[in-house]
Visitor: 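Structure below; questions to follow.
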Amino acid sequence: MVYRPIDVVLATTYRCNARCIMCNIWKNPSENDLTAEEYRFLPSSLRYVNLSGGEPFLRDDIPEIVRVVKERAPRAEIVLSSNGFLPDRIERAMKETLKIDPTVGVGISIDGAGELHNKVRGIPRGFDKCMDTAERLKKLGMTNIRLAFTVVDDNVDDLPEVYRLTKEMGIQFTMAVAQNSSHYFMTEENAFSRVERLRERLGPVVEDMLRSSRPKNWLRAFFAHGLFRYAAGAGRPFVCNAAQDFFFVGPNGDVYPCNVLDRVLGNVREKSFEEIWESAEAEKIRDEVRACELRCWMICTARADMKRNAGQVARWIAKNKAAAHLGKFGLESPEEDAR
């Protein structure tokens, strides 16, 4: 069977100017990253492309990378994931990038209000730099801006505050729970223990999303509910289809099934993407994915799985949206959710 992937994360570099407590990329900077032209391997079937890092804006050729991605996958939504600590550099790069694709988005990591964010990301005045970056992007006329919150034990209490901040700024809110990856985040030490506190802090956020009139917020509510399940130890609500709908590419061109499973399908500097994607090794790894017990839940793989299971997602939304409008919504435990 030929699989046509729709989602990819491209780690454009492992150079990073942050010192995050949940990630060790900054301790292992990459060399000899793929050039902009080398991204021409990308398949035209893609609908979502995340240009990530490390810190992608440490590269001087972000506009050129976006140009190549847009040429190869013209129907893809492109988002750059940044720590936001380089407001001047980011503003200059995005002025040029928006000429190529005015719909490009930027996600800025914010893991707490003020000093707590600085502690989690390990950078003095980091929060102020991120806010500066966000305001500059808004002045460029960007509408696809989001603050991305990564939950760890240290910052769970600040989750509603960051959500409130996005509403005040008129930008989007996304979130994740810190997860492990030996080849991407380069750590196996992330563990979340404050499950009940997460229920208390996340519940009102999900309820507010469900009350929204925007379907995108309803889908984000379902995704957040999945994050709570993951944090509570239940894992993802659907079978993973990484290496079918999604793939991850490291800075050196290694192709992985996902951000987490450390299995290399091949390298785009050595073989064409088609050879890699349709190989016997790729099919073997797909079997491993289907049996994978890591049960991670990240938007890059969850997005396609939510589409595959649209009926189940729609039923959850309908049920819980009604409860939210009646003031009866609450995040259920995995056991309650299964009933």
Side-chain angles (χ1 to χ4, degrees), residues 11-31 33 50-60 62 79-95 97 105-140 142 145-181 184-187 189-194 197-198 201 251:
T12 59
T13 185
Y14 284 156
R15 290 180 290 138
C16 192
N17 55 333
R19 300 293 181 265
C20 305
I21 63 174
M22 76 292 276
C23 175
N24 289 329
I25 286 177
W26 59 274
K27 297 179 181 179
N28 300 276
S30 57
E31 298 178 357
D33 298 337
N50 186 336
L51 300 177
S52 187
E55 173 49 49
F57 287 102
L58 287 174
R59 294 188 59 141
D60 296 324
I62 287 299
V79 175
L80 288 132
S81 294
S82 173
N83 57 42
F85 293 154
L86 300 167
D88 289 339
R89 192 178 182 96
I90 294 169
E91 181 182 22
R92 286 196 302 272
M94 289 309 299
K95 280 181 179 178
T97 300
V106 174
I108 302 169
S109 296
I110 291 288
D111 297 328
E115 191 55 40
L116 179 58
H117 175 70
N118 303 341
K119 175 185 175 184
V120 173
R121 292 281 161 172
I123 299 296
R125 295 187 59 251
F127 182 83
D128 295 338
K129 294 174 183 177
C130 292
M131 292 298 100
D132 186 12
T133 295
E135 291 300 330
R136 292 183 189 216
L137 295 179
K138 287 176 68 177
K139 288 179 181 177
L140 291 179
M142 287 190 66
I145 309 170
R146 68 277 308 264
L147 300 187
F149 187 92
T150 300
V151 178
V152 293
D153 278 350
D154 291 354
N155 71 354
V156 63
D157 285 327
D158 270 26
L159 191 158
E161 179 65 16
V162 174
Y163 177 70
R164 181 192 62 77
L165 178 62
T166 62
K167 296 191 73 173
E168 285 184 356
M169 297 177 70
I171 60 180
Q172 301 174 57
F173 174 81
T174 63
M175 64 176 294
V177 172
Q179 300 181 39
N180 293 310
S181 169
Y184 184 31
F185 308 126
M186 302 184 191
T187 181
E189 297 179 0
N190 285 318
F192 185 75
S193 63
R194 302 182 67 191
R197 192 59 171 164
L198 179 61
R201 308 306 276 171

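Side-chain atoms are counted along with the backbone in the values below, which use heavy atoms only and exclude waters and symmetry mates.
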Visitor: Using the side chain to side chain contact (heavy atoms under 4.5 Å, CB included) rule, take Val151 and Arg201 through it: C-alpha gap first, then chi angles, then the decisive distance, then the call.
Guide: CA-CA 11 Å; Val151 178; Arg201 308 306 276 171; over 6 Å; no
Visitor: When you measure from the side chain of Asn190 to the backbone of Met22, do you find a donor-acceptor pair of N or O atoms at a distance under 3.5 Å?
Guide: yes
Visitor: Side chains of Glu55 and Ser82: do they bring a donor and an acceptor to under 3.5 Å?
Guide: yes
Visitor: Which residue pairs pass the side-chain hydrogen bond (donor to acceptor under 3.5 Å, both in side chains) test with at least one member in residues 84-93, sequence neighbours excluded?
Guide: Asp60-Arg89, Asp88-Arg136, Glu91-Arg136
Visitor: Over all heavy atoms of both residues, which pair between Gly53 and Ile25 is shortest? Give the atoms and the distance, please.
Guide: O-CD1, 3.6 Å
Visitor: Over all heavy atoms of both residues, which pair between Gly84 and Ile90 is shortest? Give the atoms and the distance, please.
Guide: CA-CD1, 3.8 Å
Visitor: Report yes if some heavy atom in the side chain of Met94 is under 4.5 Å from a heavy atom in the side chain of Met142; otherwise report no.
Guide: yes
Visitor: Check the angle between the aromatic planes of Tyr14 and Tyr184 and answer parallel, tilted or perpendicular using the 30° and 60° thresholds.
Guide: tilted
Visitor: Within the side chain of Thr12, is there an N or O that forms a donor-acceptor pair under 3.5 Å with the backbone of Ser52?
Guide: yes
Visitor: Please check if the side chain of Asn118 supplies one atom and the backbone of Pro124 the other of a donor-acceptor pair under 3.5 Å.
Guide: no
Visitor: I'd like to check the side chain to side chain contact (heavy atoms under 4.5 Å, CB included) partners of Thr13; sequence neighbours left out, ordered by chain and number.
Guide: Arg15, Ser30, Asp33, Arg59
Visitor: Taking the side chain as everything from C-beta on, heavy atoms only, tell me whether Leu159 gets closer than 4.5 Å to Leu198.
Guide: yes
Visitor: Return the set of residues passing side chain to side chain contact (heavy atoms under 4.5 Å, CB included) with Val79 (not counting sequence neighbours), or none when no residue passes.
Guide: Glu77, Asn144, Arg146
Visitor: Mind listing the closest non-hydrogen atom pair of Asp158 and Ala113 along with its distance?
Guide: OD2-N, 2.9 Å
Visitor: For the side chain of Asn83 and the backbone of Ser109, is there at least one donor-acceptor N/O pair under 3.5 Å apart?
Guide: no
Visitor: Less than 4.5 Å apart, any side-chain heavy atom of Leu86 and any of Leu58?
Guide: yes
Visitor: What residues form a ring-ring contact (aromatic ring centres under 6.0 Å, His included) with Phe192, not counting sequence neighbours?
Guide: none
Visitor: Minimum heavy-atom separation for Phe85 to Ala18, with atom names?
Guide: CE1-CB, 3.8 Å
Visitor: How many angstroms lie between CG in Leu165 and CZ in Phe149, if you round to the nearest 0.5 Å?
Guide: 11.5 Å
Visitor: Which atom names give the shortest non-hydrogen contact between Thr187 and Cys23, and what distance separates them?
Guide: CG2-CA, 4.5 Å
Visitor: Taking the side chain as C-beta and beyond, is there a heavy-atom pair between Val162 and Met175 under 4.5 Å?
Guide: no
Visitor: Test of understanding: with side chain to side chain contact (heavy atoms under 4.5 Å, CB included), list the residues that count as partners of Ala134, not counting sequence neighbours.
Guide: Ile108, Met169
Visitor: Evaluate side chain to side chain contact (heavy atoms under 4.5 Å, CB included) for Ile62 paired with Thr97, printing each intermediate quantity in order.
Guide: CA-CA 7 Å; Ile62 287 299; Thr97 300; 3.9 Å; yes
Visitor: Can you check whether His117's main-chain N or O pairs, donor with acceptor, with Asn155's side chain at less than 3.5 Å?
Guide: no
Visitor: Looking at side-chain heavy atoms only, is the closest gap between Ile171 and Leu147 below 4.5 Å?
Guide: yes
Visitor: For residues 112-122, which residue pairs qualify under salt bridge (charged side-chain N to carboxylate O under 4.0 Å, His left out), counting only residues two or more places apart or in two chains?
Guide: Asp111-Arg121
Visitor: State which residue, out of Asp154, Asp153, Asp157, fulfils the salt bridge (Lys or Arg N to Asp or Glu O under 4.0 Å) condition with Arg194.
Guide: Asp157
Visitor: Is the number of heavy atoms from other residues, nucleotides or ligands under 6.0 Å of Arg19 CZ greater than 12?
Guide: yes
Visitor: May I ask you to test the Phe127-Ile110 pair for a side-chain heavy-atom distance under 4.5 Å?
Guide: yes
